[in-house]
Undergrad: 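This is the structure I want to talk about, given as structure tokens.
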Amino acid sequence: MTATNGRPAPAAGATGARPPHAGPEAGAARGDTVAAVVRQWRTVHPRLDTGPMEVIGRINRCAALLQQAEDAPLRRAGLSRAEFDLLGALRRTGHELTPGELARETFSSGAAVTKRLKQLTERGLVERRADTRDRRVAHVRLTGAGRDLVDGILPEQLAYETAVLSVLAPDGQGELAGLLAELLSRLEGRAAALRV
């Protein structure tokens with residue numbers, strides 16, 4: 001983990017001020033893993049602003065831990081997270097999707113989607129049919145077994161996630177969801193602008 005910018009900040013020993021944008025001291029006092037990393041970087045480069053690291057580092061660490069939690073019900077069903085994402089995309093959209101559409105829905109590469117679809121087809125969870133006008137295009141849909149599997153796992157997964165997030169009060173969860181939604185919307189907007 002490294003600092004993401006080089007804006008100079010006051011030296012910690014000079015004024016006692018914290019770098020701009022840095023999180024509250026309570027974050028360091030809690031002793032999470034990112035706080036320890038930030039303290040180490042401040043020792044090595046006391047004039048660097050580690051504020052972005054305190055946000056992005058914690059988002060990344062939380063994402064990794066939440067991914068492990070989410071995967072628990074999936075592992076019991078013999079599915080990977082990526083495979084469940086494909087099944088979930090087919091279930092929530094409610095219609096057939098091409099592999100290219102599935103790649104966009106799940107933020108995956110075409111090659112990865114092709115590999116996963118092969119495995120899911122072999123398990124009888126999805127089926128493919130060729131387009132009537134262009135045999136090179138495939139349309140993918142859930143089988144009955146695939147739909148039943150998604151519908152069976154989803155409540156268990158959501159219950160698991162609810163338990164994981166119960167460390168935050170409901171108001172805190174709502175506030176966090178709002179902040180993340182704002183961040184994601186702005187990042188997605190920037191990414192779309194760069195593609196134009």
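Quick note: residue numbers are just sequence positions, from 1.
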Undergrad: Rounded to the nearest 0.5 Å, what separation is found between the CG atom of Leu142 and the OG1 atom of Thr93?
TA: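 Answer rounded to 0.5 Å: 8.0 Å.
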Undergrad: Are any of the side-chain nitrogens in Arg42 or Glu54 under 4.0 Å away from the carboxylate oxygens of its partner?
TA: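 Answer for the salt bridge query: yes.
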Undergrad: Sub-3.5 Å donor-acceptor pair from the side chain of Gln173 to the main-chain atoms of Leu168, do we have one?
TA: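 Yes, Gln173 side chain to Leu168 backbone: donor-acceptor pair under 3.5 Å.
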Undergrad: Quick one: does Pro99's side chain get under 4.5 Å of Arg128's, heavy atoms only?
TA: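 SC-SC contact between Pro99 and Arg128 confirmed.
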Undergrad: Please give me the minimum heavy-atom distance between Gly124 and Ala145, naming the atom from each residue.
TA: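 Of all heavy-atom pairs spanning Gly124 and Ala145, the closest is O-CB, 3.9 Å.
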Undergrad: Quick check on the hydrophobic clustering: are Leu180 and Val55 connected, directly or via other members, by side-chain heavy-atom contacts under 4.5 Å?
TA: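 Same cluster.
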Undergrad: Roughly how far, to the nearest 0.5 Å, is the CG atom of Leu90 from the CD atom of Glu127?
TA: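 If I round to the nearest 0.5 Å, the distance is 10.5 Å.
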Undergrad: Quick one: closest heavy-atom pair of Ser80 and Leu74, and the distance?
TA: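 Looking at all heavy atoms of both residues, the closest pair is O-CD1, 4.1 Å.
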Undergrad: Just verifying a value: how many Å separate Thr98 OG1 and Arg136 CZ, rounded to the nearest 0.5 Å?
TA: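 Answer rounded to 0.5 Å: 13.5 Å.
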Undergrad: Report yes if the side chains of Thr121 and Val126 come closer than 4.5 Å at any heavy-atom pair, otherwise no.
TA: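 SC-SC contact between Thr121 and Val126 confirmed.
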Undergrad: CZ/Arg129 to NE2/His139 distance, rounded to the nearest 0.5 angstrom?
TA: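 Spacing of CZ (Arg129) from NE2 (His139) equals 5.0 Å.
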Undergrad: Count the heavy atoms belonging to other residues, nucleotides or ligands that lie under 6.0 Å from CZ of Arg61, then report whether that count exceeds 12.
TA: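 No, the 6.0 Å shell around CZ holds no more than 12 heavy atoms from other groups.
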Undergrad: Are any of the side-chain heavy atoms of Lys115 and Leu117 separated by less than 4.5 Å?
TA: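 No. Closest side-chain heavy atoms not under 4.5 Å.
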Undergrad: We want to know whether Thr106 and Arg116 form a side-chain donor-acceptor pair, criterion being a heavy-atom distance below 3.5 angstrom.
TA: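 Their side chains do not contain a donor-acceptor pair, so the 3.5 Å distance test is not met.
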Undergrad: Can you give the donor-acceptor pairs under 3.5 Å from side chains of residues 147-156 to other protein atoms, not counting sequence neighbours?
TA:
{"residue": "Asp151", "atom": "OD1", "partner": "Arg91", "partner atom": "NE", "Å": "2.9"}
{"residue": "Asp151", "atom": "OD2", "partner": "Arg91", "partner atom": "NE", "Å": "3.4"}
{"residue": "Asp151", "atom": "OD2", "partner": "Arg91", "partner atom": "NH2", "Å": "2.9"}
{"residue": "Glu156", "atom": "OE2", "partner": "Arg76", "partner atom": "NE", "Å": "3.4"}
{"residue": "Glu156", "atom": "OE2", "partner": "Arg76", "partner atom": "NH2", "Å": "2.5"}

Undergrad: Could you give the distance from OG (Ser108) to CG (Leu86), rounded to the nearest 0.5 Å?
TA: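 One gets 6.0 Å once the value is rounded to the nearest 0.5 Å.
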Undergrad: Hey, could you give me the OG1/CD distance between Thr50 and Gln40, rounded to the nearest 0.5 Å?
TA: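 Answer for the OG1-CD pair, Thr50 versus Gln40, is 12.0 Å.
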Undergrad: Can you get from Leu102 to Phe107 by hopping between Ile, Leu, Val, Met, Phe, Trp and Tyr side chains that sit under 4.5 Å apart?
TA: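 Different hydrophobic clusters.
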Undergrad: Heavy atoms only: give me the nearest Glu105-Ala89 pair and the separation to one decimal.
TA: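 Glu105 and Ala89 have their closest heavy atoms at CB-CB, 4.1 Å.
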Undergrad: Should we say atom CZ of Arg186 is surrounded by more than 12 heavy atoms from elsewhere, each under 6.0 Å from it?
TA: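 Atom CZ in Arg186 is not crowded, with 12 or fewer foreign heavy atoms closer than 6.0 Å.
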Undergrad: Out of curiosity, does Leu184 fall in the hydrophobic cluster containing Ile56 (side-chain heavy atoms, cut-off under 4.5 Å, transitive links)?
TA: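 No; tracing contacts between hydrophobic side chains, which count when under 4.5 Å, never links both residues.
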Undergrad: Checking Val140 against Glu96 for the side-chain contact (heavy atoms from CB on, under 4.5 Å) test, could you report, in this order, the C-alpha distance in whole Å, the side-chain angles of both residues, the deciding distance, and whether it holds?
TA: CA-CA 5 Å; Val140 183; Glu96 296 178 339; over 6 Å; no
Undergrad: I'd like to know whether Leu87 forms a side-chain contact (heavy atoms from CB on, under 4.5 Å) with Leu79, so could you lay out the CA-CA distance, the side-chain angles of the two residues, the decisive distance to 0.1 Å, and finally the verdict.
TA: CA-CA 10 Å; Leu87 296 175; Leu79 287 174; 3.9 Å; yes
Undergrad: If Ile, Leu, Val, Met, Phe, Trp and Tyr residues are connected whenever their side-chain heavy atoms lie under 4.5 Å apart, and connections chain through other members, are Leu66 and Tyr160 in the same group?
TA: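 Hydrophobic grouping puts Leu66 with Tyr160.
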